[in-house]
2 protein chains.
Amino acid sequence: MFSIGTLGRRTGTKVQTIRYYEQIGLMPEPGRTDGGQRRYEDVALDRLAFIRHARELGFSLGAIRELLELSDSPERSCAQVDAVAQKQLSDVEARIARLEALRGELQRMIRECNADRVADCRILEVLRDHEKCLADHGRPDA
Amino acid sequence: MFSIGTLGRRTGTKVQTIRYYEQIGLMPEPGRTDGGQRRYEDVALDRLAFIRHARELGFSLGAIRELLELSDSPERSCAQVDAVAQKQLSDVEARIARLEALRGELQRMIRECNADRVADCRILEVLRDHEKCLADHGRPDA
DNA sequence: ATACAATCTACAGCGACTGTAGGTTCAAGG
DNA sequence: CCTTGAACCTACAGTCGCTGTAGATTGTAT
């Protein structure tokens, strides 16, 4: 039985974040002291560590919710778990691709700018005129 | 003189987004018809195109505001413009590095999971136990 | 004159937190 | 036992960059 602060310290999570996870139903409501303070058991440590680790790997809270639900039925096929992870991988790959395109464009812009004055700045010129850009960028990086 | 809808169509921007840019002071307040509808001049097209293009390159609205201000003083040195672009490039590079680490971890997780049942799923196992992870991930991808 | 698309304002919602204000409780030291 | 002060509590606002909604009004084509 330990406090929310201890739980936070042991998992590298801010107290407010733990309360937020409870609010959206990702963490179960813990017991309380007579005075109303939360008191956690060890199982909460595991669950929160799982959530934080998945977040570090970029999973959305929605995906994490799904993974937690799936892990509650250990006899089921893990195909769905694979699918969630696979989707996360595709997302990450798509973001990398997009960022690499941006990197190329930025590098080119910066490399080409040898001007002294703002008036001749190649960077601003490229930003002003889309045509001077090579790539056809989609939406701002998600 | 054209409407906000026309401006949106010509720049690929939603009407609400244009009003939002006006609200936060990125786009100047245009003239109005007697009935109160916004009417834009061609100069607004250029400014909005600049904003949208910079957004596509991942610049924050704060950075764009800075670039717009800098471009208003054409006689100044473009060192500051370079700095803004350079910072954006570093940000993009940092994000790529982080995502590449995530990609590696996800690939490994998925590759190692040959289980049928959720109970033996390697993916959940890795998520449960940080120690089974190679990388030391920082904060969730920004 | 009428129909109807486009515009207007104001505000709520997204994701995933983070920060603040103002009050209460817990645990340790005297 | 009492005090101190850190940690806790709730409730709500703010972040970023939009997006969507509701309900009213305006502009334009027929």
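For clarity, every value in this text was computed on a predicted model and none was experimentally measured. Naming convention: chains lettered A, B, ... in sequence-line order (proteins, then strands); numbering from 1 in each chain.
- In this entry the distance linking CZ of Arg65(A) with C1' of dG15(C) reads 12 Å, nearest Å.
- Under the 3.5 Å distance criterion, the side-chain polar atoms of Gln88(A) are matched with a main-chain donor or acceptor of Leu57(A).
- Cation-pi geometry between Arg9(A) and Phe2(A) is not met: the NZ or CZ atom fails to fall both under 6.0 Å from the ring centre and inside 45° of the normal.
- Applying the 4.0 Å criterion to OP1 and OP2 of dG20(D), one finds that Lys14(B) has a side-chain N or O inside that range.
- Taking 4.0 angstrom as the limit, Thr33(A) places none of its side-chain polar atoms (N or O) nearer than this to OP1 or OP2 of dT25(C).
- Straight-line distance from the CZ atom of Arg19(A) to the C1' atom of dC17(C): 13 Å, rounded to whole Å.
- The side chain of Arg52(A) places an N or O atom within less than 4.0 Å of a non-bridging phosphate oxygen (OP1 or OP2) of dC17(C).
- Between Ser73(B) and Val118(A) there is no side-chain heavy-atom pair separated by less than 4.5 Å.
- On a pure distance criterion of 3.5 Å, no polar donor-acceptor pair joins the side chain of Gln37(B) and the base of dG27(D).
- If you measure from atom CD of Gln23(B) to atom C1' of dT9(C), you get 11 Å, rounded to the nearest angstrom.
- Protein atom CG of Leu26(A) is 11 Å distant from nucleotide atom C1' of dA16(C), rounded to whole Å.
- Ionic pairing of Glu125(B) and Arg122(B) is present here: one or more N-O contacts between side-chain nitrogen and carboxylate oxygen are shorter than 4.0 angstrom.
- What separates CD of Gln16(B) from P of dC11(C) is a distance of 17 Å, to the nearest Å.
- If you check dA16(C), dC9(D), dT26(D) against the side chain of Leu61(A), the one that comes closest is dA16(C).
- The CD1-P distance, from Ile24(A) to dG13(C), rounds to 16 Å in whole Å.
- The phosphate of dT9(C) (OP1 or OP2) has a side-chain N or O of Arg38(B) nearer than 4.0 angstrom.
- Of the two residues contacting DNA chain D, namely Ser60(B) and Gly35(B), the nearest-nucleotide position lying further toward the 5' end is that of Ser60(B).
- Regarding Leu7(A), its CG atom lies at a distance of 15 Å from the P atom of dA7(D), rounded to whole Å.
- Remark: Thr17(A) is not in phosphate contact with dC17(C), judged by side-chain N or O atoms under 4.0 Å from OP1 or OP2.
- Judged by closest nucleotide on DNA chain D, Arg9(A) is the one of Gly62(B) and Arg9(A) placed further toward the 5' end.
- The distance from atom CD1 of Ile4(B) to atom C1' of dA6(C) is 11 Å, rounded to the nearest whole Å.
- Between dC18(D) and Tyr21(B), a contact under 4.0 Å exists linking OP1 or OP2 to a side-chain N or O.
- OP1 or OP2 of dT7(C) has at least one side-chain nitrogen or oxygen of Ser3(B) nearer than 4.0 Å.
- Looking only at side-chain heavy atoms (C-beta outward), Leu106(A) and Phe59(B) come within less than 4.5 Å of each other.
- At dG15(C), none of the side-chain N or O atoms of Arg55(A) fall inside 4.0 Å of OP1 or OP2 (strictly under the cut-off).
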